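One structure below.
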Amino acid sequence: MDVALERVRKSYGGVTVLHETSLDLPSGRVHGVVGENGAGKSTLARILCGAVRPDSGRVTVDGEPVRIAAPRDALRHGIALVTQESAIVPALSVLDNVFLGTRGRGSGRRSRFAALAARTGFELPPGARAGELPLARRQQVEILRALAHGARLIALDEPTALLPKADAAALLGLVRDLAAEGTAIVLVSHRLDEVLATCDTVTVLRDGRRVSSGPAAGLTPDGLLREMVGRPVETLYPDPPPVPDGAPVVLAARDVSRGRAVRGVSLDVRAGEIVGLAGLAGSGRTETLRLLFGADRMDGGEVTVAGRRPRARGPAGTTALGMAFVPESRAEQGLVLVRPTAENLGLAALPARRLVRRSTELRSAAATAAEVGIRGAGLDRPAWTLSGGNQQKAVFGKWLVRRPRVLLADEPTRGADVAAKARIHRLITGLAAEGVAVLAASSEVEEVLGLAHRVLVMRDGRIAGEFPRGAAGPEDVLALAGLR
Ligand SMILES: Nc1ncnc2c1ncn2[C@@H]1O[C@H](COP(=O)(O)OP(=O)(O)OP(=O)(O)O)[C@@H](O)[C@H]1O
């Protein structure tokens, strides 16, 4: 089955976000789509899968135009989209999500599920509530769903953004296998090296225009980056500013525990220090940050900020002491997507000033948006109209307004393009230079090593060890993390 986009165009409120763009997506091929945050990659993928209707242009299957008005129609034509912000039904089981909308019930489904799991290597509990799975695993549910529906074209929007290298490599291996069996794949990613290693062809989008499209062979990450941005970019991670001698401990955790996920974590972060939290998926990184912030209740242990215990339970108590938290899932926990971006940027400041003048809010939001480099439709538009990478910048911006004392960040650069990533790193080191204590977790070991003064490695809910800056490479960290 050969799918093609023919001269599709999309605009919102008079702003064209995708100019007439055509793409051929033949079966058995992996087609990469790259571009800066907001370039139009997700819009393209959503048009293909019926989640967005183009203003003009069409989708054809084997040369015949098809009517795709909704994701349901796309699935009927064998086209499925797997996004970063998961489209699963949280209250349903994994099994029910995978077979949602297909015929057949009962034991037949169980054995088909087992077959799909074996084929993909995904170890998913069929009876678990899908909403309880971590984000990276929910995406696996979506991939199984696409396969269960017999999809012949699967578009994957940043499928490796939350995966450590080994898991990312396994997923990309699966992508190649599916292509070898005849499935057409669209791969949207900011990891240019993996795009080049996995794709047969690559299309570069810039400001909603296709600037190039051709075989991946012969392309380099640097060359792609130049085409993406059309100007020189700063991509080097800055060295963190040195921590002054005698800088006081700001964030202290003692024996923090919750079930089997976090088992007696103790750590100190000093003013101006950036501490990285590394570990494999499921090692307890995300859970530890959530406990420190009070997003989940601890079974035992103590958290203090500058020696003081929170006076109220939960985030109310920790934010009052100056803690800020950039969560893993911006859509669920980071932003109120239906509200304007300006309001989101003012959110964290709310308890301090209960009544906000609209003009003050907009002015303050504009300053923050410029500081973090948000690009998109106006600040008065709902936050969901921002592209993924720009939403991530907004989550960051929201906390800058408050000038926190402690910043907890889980996957701080998820979905950010290469330039935006460097920008977020500069923001983090800038906060550290002002004396903020930073604890940042990432599934990307290189990122933690590049950013932090010191890296704590988690394994099975415990801190397995620690490396000062420059003392370890990615392999050392992964070995301590328990990578086989
Ligand atoms: N419903 C909408 N209303 C207004 N603007 C929108 C809407 N949806 C998308 N946009 C705008 O369209 C542009 C392209 O967004 P898109 O999500 O396709 O970018 P992207 O290349 O996928 O970016 P990222 O790498 O950040 O995910 C952005 O400027 C975005 O703000």
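These figures come from a predicted structure and were not determined experimentally. Whatever order the structure lists them in is the order used to number ligands and atoms, beginning at 1.
No side-chain heavy atom of R209 sits under 4.5 Å from any side-chain heavy atom of L205. You'll find the side chain of R9 reaches within 4.5 Å of the side chain of T16, heavy atoms only. Contact check for T286 versus E411: no side-chain heavy atoms found under the 4.5 Å cut-off. No side-chain heavy atom of D2 sits less than 4.5 Å from a side-chain heavy atom of L25.
Within the structure, the closest approach of G40 to ligand 1 falls below 4.0 Å when heavy atoms are considered. Residue contact annotation: E36 has a non-hydrogen atom under 4.0 Å from ligand 1. Residue contact annotation: Q391 has no non-hydrogen atom under 4.0 Å from ligand 1.
Between R119 and E181 there is a salt bridge, with a side-chain nitrogen of the basic residue lying less than 4.0 Å from a carboxylate oxygen of the acidic one.
For ligand 1, the atoms closer than 4.0 angstrom to any heavy atom of S42 are 17 (O), 18 (O), 20 (P), 22 (O), 27 (O). Remark: ligand 1 atoms within the under-4.0 Å shell around heavy atoms of T43 are 14 (C), 15 (O), 16 (P), 18 (O). Every atom of ligand 1 with a heavy atom of H190 under 4.0 Å away is listed here by number and element: 25 (O). Of all the atoms in ligand 1, the ones that sit under 4.0 Å from a non-hydrogen atom of L386 are 31 (O). Atoms of ligand 1 found under 4.0 Å from any heavy atom of V17 (numbered from 1 in listed order, with element): 11 (C), 12 (O), 13 (C).
Summarising the geometry, atom CZ belonging to R58 is positioned 15.0 Å from atom CD1 belonging to I47; distances are rounded to the nearest 0.5 Å. Distance check, rounded to the nearest 0.5 Å: CG of L153 to NE2 of H77 gives 12.5 Å. Distance OG/S387 to NZ/K41: 6.5 Å, rounded to 0.5 Å.
Of the candidates K41, R206, K10, K41 brings a heavy atom nearest to atom 25 (O) of ligand 1. Looking at A383, G38, A161, S387, it is S387 that brings a heavy atom closest to atom 17 (O) of ligand 1.
Ligand 1 has an N or O atom lying under 3.5 Å from an N or O atom of G389, backbone or side chain.
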